[in-house]
Structure formats: C-alpha cells, structure tokens
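These notes are about the structure you will find just below.
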Amino acid sequence: MRILGIESSCDETGVAIFDEQSGLVANELYSQAKKHAKFGGVVPELASRDHVRKLLPLIQKCFQDSGLSPAQLTAIAYTEGPGLVGALLIGATMAKTLGMCAGIPTIGVHHMEGHLLAPFIDKEDIPFPFLALLVSGGHTELVWAKGLGDYELLGQTVDDAVGEAFDKTAKLLGLGYPGGPLVEKAAKQGKKGRFSFPRPMLNRPGLDFSFSGLKTFVANTVEGLALTDEDIADVSWAFQDAVAATLKRKCERAILQTGAKRLVIAGGVSANQTIRSALISAAESFGCELIAPDLAWCTDNGAMIAFAGMQYLKRCAVPTNRAIRVRARWPLTDLQG
Ligand code: KG4
Ligand code: ZN
C-alpha cells in the first residue's frame, strides 16, 4: 500500500508519499513563513493563495522524485482540520479531485494526530498506550493516547498555546516570525539570573496550562528596557526557562497520574532543545522514556499526514465519501478509533 499525504492547515505546504514497505519515498515542503513575517503572523488569505500556487508543483515533484504515478497510489490523505479554513480547503479539494481522478479513497487526517504520530514515522510500530505532550502554534495539550484515534484529554491551555507565546514574545523583542526558533537562538546568548519569570499554574493542582500571563510579564519587562542584544538574549533565556520548567512540572504530574512508561512530545515547539532536555529529565526521574520526533517532523509537514493516513488505511475501513469537508475546530477526542 502506498499513500500520498497533503498538509495545508496553516503556512506550510507539505506533500509526501509513504510506502508501507519502504517508508517515506518522497517528501516536499514549502514554508510561507517569509511571506507572513512582515505582518508578524499568518495572514489567512495570503496562506490560501500560496497553497494554491505551490500544492500542484510539489505533488508533481513527489511523483518525479519517487518515479511513481497516481495510478500506483492506494489512497490520498489530507489534513481535514483543525486549522485555517481556507488553507484546509485547498488541500482537501486537491486530495478529493486527485482521488476521484485516480479512483482511490481519500482520508481526512486530524492535524494534531499527524503531529502525535510523527515520532514513529521511521519506527517499526507505535507503542500505545503513551502519554503525549502536544505543543504547537495553536495547541498545548496533555493527552493519554490509548490507540489510533483513541485519545483522552488530560489537560490543555486555558488561553494561549505555548507556540503562540513564543511567537508573541519574539514580536515583543522585535525578533520576527515564526518566533520559536528565534527566541531559542537568542536565549543561547542569555544569562541565567538577570530576570525571573513566573511559572504559570504550577501552584494549582491539575494538568491545565496558561501562557497569556507569561506573555504579559514579557511585555511589562520589555517596557523598561532599551532592548539591546543583551536584553533580548536575557529575556529570551528567562522566558524559555519558565516555559521549560512549567512543561516539565506538568509532565511529571501527568506521568505520576497515568503511570506512563513513555512520554511523547510533538508539534512545532518540540523542536526546542531546552524543552526537550527538561522533558528528558522529567521522564527519566520516573523511569519513563521520552520519545521526540526527528527535527524534520516537528513543525508542519506532509510526511506526518501521509504516515497517519497509512495507519488508518492499514487498520480501518476507509470512508468513500466524496464530500469536501474541513473543520477549523476539531477536538482530538472526537476521533473514532
Ligand atoms: O506545529 P507547528 O509547525 O504548527 C502548528 O500546528 O501550529 O508549530 C508552529 C509553532 C510556532 O508557534 C513556532 O514558533 C513554534 O512552533 N516553534 C518553536 C520552535 N520551532 C517552532 N518554538 C520553540 N522553539 C523552537 N525551536
Ligand atoms: Zn502543526
């Protein structure tokens, strides 16, 4: 079995072909980040238009690179949601049209399930059950993953997502978009101890998160500064340290609560090395293994959608519905196993 995967939920156009025997045989990614940078965030209409421009050439490139043709595919997977509705519609329409022309089924994949399964793209199997921390631009969730499509939400952010907090902090520091990698880079030059930022929600029980207060704390701190390179580095360090400590503590609580033997971290923010190190230490202190995706699969990509689609193709009946449906909002807990 062989599947084409299409990701278009936000500002990355990703296409990949995953083969059941050989694994990933083609992978193409185009990031629109530079286009949105001057606006300080993603402009939905620009994102949709760029997906229209890039999607077909990337699909053609995947066929070229792999030497395959649409007739050699078993199915097409696409991101059905959550995400920007216009951007999602471009990928869904392309998938449905190609599927109809090739006479093969299409599979609507949940974007966050794509992220959650991404650490297993090059592994033999997926070791359910496990605890997962999903940290991206739109989501911050602790999930108990029981099986494919079978997820229990243990905790989530009550306001901003952690990636959003990185992006807003970067904006306040004049670093640009997307902010996560830029804050991480600046923090490398930062000094410990000059600023101390709050660790949100740690004084309360439970597994929910809150990051909007931390962002306000950054705004107030920045107000009194000339924002020299040293200031930017020190604020970045303190912000990242507070985020890493908060995620670490919540994961420790979740490991204790669930007795998890594996902790999976996924989503764009999982690329952050300080956060990875904090979670390795959280996991290790409970005899738990931290599983993180290859850096290439942390941020949005087509490979994770092709891989997730393949899991459904292997284990479940695939719907033959021809309607083009996307969902801007779609809780991970609403999937059918
Ligand atoms: O998963 P993703 O590519 O898209 C969404 O589904 O949202 O995540 C993007 C988010 C952005 O907020 C970006 O700033 C953040 O992930 N991010 C990072 C890093 N790389 C990307 N945050 C912290 N450190 C990084 N190295
Ligand atoms: Zn994502």
Side-chain angles (χ1 to χ4, degrees), residues 5-14 29-34 36-37 40-42 44 47 51 78-84 87-88 91 109-119 132-141 143 156-157 160-173 175-188 190 209 211-212 214-215 218 236-237 239-244 246-247 264-279 292-305 307-308 327-330 332:
I6 298 175
E7 157 61 30
S8 71
S9 66
C10 191
D11 60 344
E12 253 100 30
T13 319
L29 184 67
Y30 170 76
S31 173
Q32 309 173 351
K34 278 199 185 113
H36 300 288
V42 178
H51 287 306
Y78 64 96
T79 304
E80 183 173 319
L84 302 171
L88 288 167
V109 169
H110 191 293
H111 180 78
M112 296 313 291
E113 186 171 42
H115 275 303
L116 192 142
L117 300 179
L133 175 69
L134 298 175
V135 275
S136 71
H139 292 80
T140 304
E141 292 176 354
V143 168
Q156 62 184 326
T157 182
D160 291 355
V162 62
E164 197 179 346
F166 266 100
D167 293 337
K168 287 176 177 168
T169 295
K171 204 170 181 178
L172 288 164
L173 294 172
L175 288 175
Y177 173 86
L182 300 168
V183 170
E184 181 175 23
K185 189 166 172 229
K188 288 203 166 80
F209 304 88
F211 290 104
S212 72
L214 193 52
K215 171 199 67 193
V218 175
S236 295
W237 190 94
F239 167 79
Q240 185 175 261
D241 182 58
V243 170
T246 305
L247 294 177
V264 167
I265 176 177
V269 180
S270 68
N272 188 287
Q273 296 303 329
T274 303
I275 291 172
R276 280 187 181 218
S277 305
L279 296 188
D294 190 286
L295 282 184
W297 315 132
C298 288
T299 45
D300 294 349
N301 63 84
M304 69 185 197
I305 301 304
F307 180 73
R327 311 191 219 196
R329 289 175 187 278
W330 186 11
L332 191 59

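First listed ligand is number 1; within each ligand, the first listed atom is number 1. This structure is a prediction, so every number in the text was calculated from the model and none was measured. Residue numbers start at 1 and run along the sequence shown.
- In this structure, Glu7 contributes its side chain and Ile305 its backbone to no donor-acceptor pair below 3.5 Å.
- For atom 26 (N) of ligand 1, the nearest protein heavy atom (residue, atom name, distance) is Glu184 OE1, 2.8 Å.
- Within 6.0 Å of atom NZ in Lys185, 12 or fewer heavy atoms from other residues, nucleotides or ligands are found, so the atom counts as exposed in its surroundings.
- Below 30°, between 30° and 60°, or above 60°: for Phe239 and Phe166 the angle between ring planes is above 60°, a perpendicular geometry.
- Among all heavy-atom pairs drawn from Gly268 and Thr299, the shortest one is CA-CG2, 3.7 Å.
- Comparing Glu12, Glu7, His111 against atom 6 (O) of ligand 1, the shortest heavy-atom distance belongs to His111.
- Contacts between His115 and ligand 1, counted as non-hydrogen atom pairs separated by less than 4.0 Å, involve the side chain only.
- Among all heavy-atom pairs drawn from Ser8 and Ala87, the shortest one is OG-O, 2.8 Å.
- Ring orientation note: the planes of His115 and His111 are nearly perpendicular, at an angle over 60° on the 30°/60° scale.
- Looking at Asp294, its side chain never comes within 3.5 Å of a backbone N or O of Trp297 through a donor-acceptor pair.
- In terms of protein heavy-atom proximity, atom 24 (N) of ligand 1 is closest to Asn272 ND2, 3.1 Å.
- Checking His111 against the Zn ion (ligand 2), an N/O/S atom falls under the 2.8 Å cut-off.
- Among protein heavy atoms, atom 2 (P) of ligand 1 sits closest to Asp300 OD1, 3.3 Å.
- Not one N/O/S atom of His139, from backbone or side chain, sits under 2.8 Å from the Zn ion (ligand 2).
- Of the possible donor and acceptor atoms, none in the side chain of Gln240 sits under 3.5 Å from a partner among the backbone N and O of Val183.
- Among Gly83, Gly268, Ser9, the residue whose heavy atom sits closest to atom 20 (N) of ligand 1 is Gly268.
- The parts of Val269 lying near ligand 1 are both backbone and side chain, judged by heavy-atom distances below 4.0 Å.
- Polar contact check, Met112 against ligand 1: no nitrogen or oxygen pair lies under 3.5 Å apart.
- In terms of modelled atom types and a separation under 3.5 Å, the side chain of His51 and the main chain of Cys10 share a donor-acceptor contact.
- When only non-hydrogen protein atoms are considered, atom 23 (C) of ligand 1 lies nearest to Gly180 CA, 3.5 Å.
- Restricting Asp300 to its N/O/S atoms, the shortest distance to the Zn ion (ligand 2) is reached by OD1.
- The Gly163 neighbourhood of ligand 1 comprises atoms 12 (O), with distances under 4.0 Å to a heavy atom of that residue.
- No hydrogens or angles considered: nothing links the side chains of Gln156 and His139 as a donor-acceptor pair under 3.5 Å.
- Considering backbone and side-chain atoms together, Thr299 places no N or O closer than 3.5 Å to any N or O of ligand 1.
- Residue-ligand proximity, Gly138 to ligand 1, at heavy-atom distances under 4.0 Å covers atoms 7 (O).
- Looking only at side-chain heavy atoms (C-beta outward), Cys298 and Arg276 come within less than 4.5 Å of each other.
- For Cys10, the heavy-atom gap to ligand 1 stays at 4.0 angstrom or more.
- A donor-acceptor pair under 3.5 Å is absent between the side-chain atoms of Asp167 and the main chain of Pro178, judged by distance alone.
- The shortest N/O to N/O separation between Pro178 and ligand 1 does not fall below 3.5 Å.
- Short contacts between ligand 1 and Asp167, defined as distances under 4.0 Å to a heavy atom of the residue, involve ligand atoms 11 (C), 12 (O), 13 (C), 14 (O).
- Listed by number with element, the atoms of ligand 1 under 4.0 Å from a non-hydrogen atom of Gly137 are 5 (C), 7 (O), 8 (O), 9 (C), 10 (C), 12 (O).
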